[in-house]
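So the structure is just underneath, and the comments pick up after that.
A, B, ... follow the sequence lines: proteins, then strands. Residue 1 opens every chain.
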Protein chains: 2
Amino acid sequence: MSDNKTQYHHGDVPSALLQAALLRIKNEGVEKLSLRALARDIGVSQTAPYRHFKDKNQLLVVLACKGFRELACLKAQQPSPLAFMALIEVGMSYIYFAMEHPEQYKLMFGSKIKHRRDYPELMESGGAAFQVISSYVVKGMEAGVFIDKEPEVLARSCWTTVHGIASLSIDDYFEHITGNFDDFLREQVSLCIRGFMKEPGLLDKQ
Amino acid sequence: MSDNKTQYHHGDVPSALLQAALLRIKNEGVEKLSLRALARDIGVSQTAPYRHFKDKNQLLVVLACKGFRELACLKAQQPSPLAFMALIEVGMSYIYFAMEHPEQYKLMFGSKIKHRRDYPELMESGGAAFQVISSYVVKGMEAGVFIDKEPEVLARSCWTTVHGIASLSIDDYFEHITGNFDDFLREQVSLCIRGFMKEPGLLDKQ
DNA sequence: TCAGAATGTTGACACTGAAAACATTCTAGG
DNA sequence: CCTAGAATGTTTTCAGTGTCAACATTCTGA
């Protein structure tokens, strides 16, 4: 059905657009992404994308959703029986995701997307990403190593810190850090978790 | 010299542009700011701004610098003899600045500005803003309440957390928080500081 | 006074997002 | 199998943008 003769119908414009978009934002940043350039990339007219996405904003929303869903799949890279260590590792994974997909991360958390709250799938996938961190916090609480607070409070604190580290890393605010960058990040995340612990000493002698 | 007759020369295009820009980003967001609109606002031709700013990016840089310089003037709103309490208050002031000038804050830390590192005045004013938090951390260290780490490490951790809270607050990621928002923010900041303290108990019974 | 610097303008170019009107192809119901 | 209507695509057009070049006016110091 799909031979190599020039076709009127492209085949799969939506996913071709998304793929081209991911490539372009990786190379040129989300700031200069244009629908017309994407259309050119995949060889359709400049208005063809509008048959599949209401507008540019909606395409950005889909890209962001994909990112959140990836985030939601994160697991601690070095699983640890110690709940608070596992939480640190999840935080690290989160930061590494951001550093590996900086432009997509900026899209997810920046203000490029307009009227974010009008897109339920975006809210939902974003919430799911948060739940990952949250679940590890809960494990820590069940293990009894964290202070007596609402799990949501700790989870939000952890998420916020990790997001701060990720954002600033991406934008090269830590460029002058000397030494192993992974160590630096881990120290920053640990400092956050330290604030949650009944006995911070457990962390210090690690 | 400057009567009310129509003048060929405007008088002070640069500061008029900056003022108009601050107004526009406050009302419509930094994302849709356009030089041409600013030119219209102040009643000059669309290319007049280019006599005073190399390009749009440079105007954004100046706006961001102004923001950083304001940040650098922050003091704890409720000064406390307890060093760690003062640090918390400075963090709060920082967050409140962000919430009062959300679009300017996004401009300062977002990726709207291109080639940030090519603007020494931006790097410098940004560094000065960081120094405020840093100085309060040092006070805490001198008071002996914080753990034994490089001051820079703690300062950066505090800055990162505060930035994370500010960013997410601005973008309404905490919209579902119930109860007093100021209390929520203060709890988040405190949790961060808690991680620095030799005796977190000091904070708990506060 | 008057030349040159500073500041302003008009007009143009190459982009962009988006809508309207129209063309082609696919697909389901008779 | 045929055919109407839905899907998908195209061309054209509009309004908006950043920025440059060429030209006009005004200010300022020697």
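Residues satisfying the side-chain contact (heavy atoms from CB on, under 4.5 Å) test with A/Met99, not counting sequence neighbours, are A/Ile95, A/Ser169, A/Phe181, A/Leu185. Residues passing the salt bridge (Lys or Arg N to Asp or Glu O under 4.0 Å) test with A/Glu175, sequence neighbours excluded: B/Arg117. In this structure B/His101 satisfies the side-chain contact (heavy atoms from CB on, under 4.5 Å) test together with B/Lys26, B/Glu70, B/Phe97, B/Gln104, sequence neighbours excluded. By the side-chain contact (heavy atoms from CB on, under 4.5 Å) test, B/Asp12 is found to be paired with B/Pro14, B/Ser15, residues two or more places apart in sequence or in another chain being considered. For A/Ala37, the side-chain contact (heavy atoms from CB on, under 4.5 Å) test picks out A/Arg24, A/Ser34, A/Arg40, with sequence neighbours left out.
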Pairs of donor and acceptor atoms involving the side chains of residues 127-140 of chain A, under 3.5 Å and at least two apart or interchain, shall be tabulated with distances.
{"from": "A/Ser135", "atom 1": "OG", "to": "A/Val132", "atom 2": "O", "distance (Å)": "2.7"}

Donor-acceptor list for residues 152-160 of chain A side chains, cut-off 3.5 Å, not counting sequence neighbours:
{"from": "A/Glu152", "atom 1": "OE1", "to": "A/Arg156", "atom 2": "NH1", "distance (Å)": "3.2"}
{"from": "A/Arg156", "atom 1": "NH1", "to": "B/His176", "atom 2": "NE2", "distance (Å)": "3.2"}
{"from": "A/Trp159", "atom 1": "NE1", "to": "A/Tyr94", "atom 2": "OH", "distance (Å)": "3.1"}
{"from": "A/Thr160", "atom 1": "OG1", "to": "A/Arg156", "atom 2": "O", "distance (Å)": "2.7"}

Just the atom pairs and distances: protein N or O near nucleotides 20-22 of chain D's N or O, under 3.5 Å.
{"from": "D/dA22", "atom 1": "N6", "to": "B/Arg51", "atom 2": "NH2", "distance (Å)": "3.2"}

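Using a 4.0 Å heavy-atom distance criterion, A/Ser45 is classed as a base contact.
Within the 4.0 Å cut-off from OP1 or OP2 of C/dG8, at least one side-chain nitrogen or oxygen of B/His52 is found.
The base of D/dG18 lies close enough to the side chain of B/Arg36 for a donor and an acceptor atom to sit less than 3.5 Å apart.
Within residues 19-31 of chain A, no residue has any heavy atom under 4.0 Å from DNA chain D.
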